[in-house]
Engineer: 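Structure in structure tokens, see below.
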2 protein chains.
Amino acid sequence: MNRPRRADAADNRERILEAARAVVATADEVRLNEIAKRAGVGQGTLYRHFPTREHLLAEVYRQDVDELVATAPRLLAEHDPVTALTRWLDRLVEYARIKHGVFAAVEAGVRKDLSAHSLGPIGDALTTLLDAGRAAGTVRPDVDARDLILLVGYLTRLEQDEWDTRARHLIRIILEGVRSRG
Amino acid sequence: MNRPRRADAADNRERILEAARAVVATADEVRLNEIAKRAGVGQGTLYRHFPTREHLLAEVYRQDVDELVATAPRLLAEHDPVTALTRWLDRLVEYARIKHGVFAAVEAGVRKDLSAHSLGPIGDALTTLLDAGRAAGTVRPDVDARDLILLVGYLTRLEQDEWDTRARHLIRIILEGVRSRG
DNA sequence: CGCCAAAGCGGACACGTGTCCGCTTCAACG
DNA sequence: CGTTGAAGCGGACACGTGTCCGCTTTGGCG
């Protein structure tokens with residue numbers, strides 16, 4: 001899109017991301033001012049490159065998100081739509097479990113994109129999966145990606161010690177609600 | 001439980017709640033320091049009476065919550081369990097729509113109670129409804145109140161302009177997932 | 001080259017939450 | 001009543017987020 005930036009700016013941006021990745025990987029508390037310090041830039045610089053905390057996190061996790069998104073068509077090629085959707089959501093859960101920040105960032109990213117009348121990459125992946133299911137008649141026709149994103153949002157509120165018992169379990173319940181009545 | 005407090009303390013507590021109700025009713029931004037100022041107390045006082053923002057809000061909305069909780073047995077007396085649950089959740093949605101803060105406070109309250117190995121009043125109401133459904137064989141036996149609380153948490157993240165289209169719709173989807181397969 | 005406008009920078013600042021601690025006030029008891 | 005110790009108070013403080021603005025750097029252009 002618009003990439004003719006100044007060289008030093010691009011540099012800073014990269015250094016910020018690097019610092020952010022380092023902090024995210026080690027500490028569980030992600031403090032923006034610390035990231036700025038580590039990157040050797042002022043807060044202002046950090047905030048111009050990434051207007052909100054979420055923009056930064058979204059970029060940090062971008063690779064993971066891309067990976068996840070790329071999985072959707074692959075799953076659809078190998079399985080029926082509902083199975084593909086199930087597997088995909090399981091994978092989402094797995095990401096959310098390991099990298100606690102992933103899902104929060106994704107969700108925030110979606111909100112950001114919402115105003116732009118888009119659901120973002122994650123939403124697009126879900127739309128693909130749902131469309132396939134709808135076409136096959138195995139998914140309720142009145143469910144869209146935004147619905148699912150809202151529902152799986154519980155992942156951000158799950159306590160650590162509930163993960164094993166509830167994360168997948170709730171996905172199953174959601175899927176039951178999303179399937180066409182057999 | 002433990003009510004032999006000092007008179008002036010009880011007074012302050014009441015004044016804080018009064019101020020909080022006033023702020024909640026008018027402004028949509030709820031600033032604790034403003035509430036403290038309006039109540040004519042220091043921040044320290046406010047925070048000792050209500051350790052966190054959520055404790056305060058929970059108390060502000062306590063009456064609404066009690067009302068909602070009291071509804072559950074009434075609904076169960078008049079309808080089959082799944083219908084009762086449906087109506088109850090619809091009522092929850094209605095509360096959440098009007099008083100935006102209600103549900104966030106409730107959810108936070110639940111989290112607080114979680115550590116005390118309790119689900120709080122809302123959780124208890126849901127447990128009653130779910131138990132009835134389970135006994136009647138119309139609700140999946142592996143769903144508990146905590147599951148539902150997590151799922152309906154989407155209400156806190158719903159944008160204002162999505163309410164009409166999504167709030168009830170998602171409740172229906174959840175209910176489909178929670179019902180026993182017929 | 002050297003100029004200079006725009007792009008970028010950094011850190012001070014404003015604001016909200018929640019904590020801490022020395023002073024004040026209550027109320028129980030002699 | 002006066003004493004007294006604990007309950008309660010208030011506001012200063014620490015900390016994180018996000019904004020703002022005067023100074024610096026870059027790099028295109030003459």
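Here the structure is a predicted model, which is why all the values come from computation and not from measurement. Residue numbers start from 1 in every chain, and the chains themselves are labelled A, B, ... in the order their sequence lines are given, proteins ahead of strands.
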Engineer: Taking atom CZ of A/Arg91 as the centre, report whether more than 12 heavy atoms of other residues, nucleotides or ligands fall under 6.0 Å from it.
Structural biologist: no
Engineer: When you match B/Pro51 and A/Arg15 each to their closest nucleotide on DNA chain C, which lands nearer the 5' end?
Structural biologist: A/Arg15
Engineer: Please report the C-alpha distance between A/Arg38 and A/Glu34 in whole Å, then the side-chain angles of each, then the deciding distance to 0.1 Å, and finally whether the salt bridge (charged side-chain N to carboxylate O under 4.0 Å, His left out) criterion is met.
Structural biologist: CA-CA 6 Å; A/Arg38 282 218 203 188; A/Glu34 193 202 330; 3.3 Å; yes
Engineer: Please work out if B/Asp8 contacts a base, only the sugar-phosphate, or nothing of the nucleic acid, heavy-atom cut-off 4.0 Å.
Structural biologist: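 Counting heavy atoms under 4.0 Å across all strands, the contact made by B/Asp8 is with sugar-phosphate only.
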Engineer: Which part of the nucleic acid, if any, lies within reach of A/Ala36 when heavy atoms closer than 4.0 Å are counted: base, sugar-phosphate only, or nothing?
Structural biologist: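 It contacts nothing in the nucleic acid.
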Engineer: Rounded off to whole Å, could you give me the CG-to-C1' distance for the B/Asn12 and C/dT24 pair?
Structural biologist: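 Whole-Å distance recorded here is 13 Å.
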Engineer: Nearest-Å distance, CG (A/Leu32) to C1' (D/dT19)?
Structural biologist: 14 Å
Engineer: Are any side-chain N or O atoms of A/His169 and backbone N or O atoms of B/Asp142, one a donor and one an acceptor, separated by less than 3.5 Å?
Structural biologist: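 Answer holds: yes.
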Engineer: Does a side-chain N or O of B/Thr45 approach OP1 or OP2 of D/dG10 to a distance below 4.0 Å, or not?
Structural biologist: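 Yes, B/Thr45 has a side-chain N/O under 4.0 Å of OP1/OP2 on D/dG10.
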Engineer: Return the value, rounded to whole Å, for the distance between atom CD of A/Gln43 and atom P of C/dG10.
Structural biologist: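 Result: 11 Å.
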Engineer: Using atom OH of A/Tyr47 as one end and atom C1' of D/dC21 as the other, report the distance to the nearest whole Å.
Structural biologist: 17 Å
Engineer: Is there a side chain to side chain contact (heavy atoms under 4.5 Å, CB included) between A/Arg168 and A/Asp90 once you walk through the steps?
Structural biologist: CA-CA 7 Å; A/Arg168 280 170 152 258; A/Asp90 282 344; 3.7 Å; yes
Engineer: I want to confirm an ordering. Mapping A/Ala7 and B/Val41 to their closest nucleotides on DNA chain D, which one lands closer to the 5' end?
Structural biologist: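 Final value for this comparison: B/Val41.
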Engineer: Whole angstrom is fine here: how far is it from CG in B/Asn33 over to C1' in D/dC13?
Structural biologist: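 From B/Asn33 CG to D/dC13 C1': 14 Å.
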Engineer: Whole angstroms only, please: what is the CZ-P distance between B/Arg48 and C/dC21?
Structural biologist: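 My rounded result for the distance is 14 Å.
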Engineer: Please report, rounded to the nearest Å, how far the P atom of D/dG18 is from the NE2 atom of A/His49.
Structural biologist: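 Those two atoms, NE2 and P, are 17 Å apart.
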Engineer: A/Arg53 near the nucleic acid: base, sugar-phosphate alone, or nothing, with a heavy-atom cut-off under 4.0 Å?
Structural biologist: sugar-phosphate
Engineer: Would you confirm whether B/Tyr154, through its side chain, and B/Ala167, through its main-chain N or O, come within 3.5 Å as a donor-acceptor pair?
Structural biologist: yes
Engineer: Rounding to a whole Å, what distance do you find between B/Phe50:CZ and D/dC9:P?
Structural biologist: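 Interatomic distance, CZ of B/Phe50 to P of D/dC9: 11 Å.
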Engineer: Look at B/Arg6 and D/dG8 and indicate whether a side-chain polar atom (N or O) is within less than 4.0 Å of OP1 or OP2.
Structural biologist: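 No, no such contact exists.
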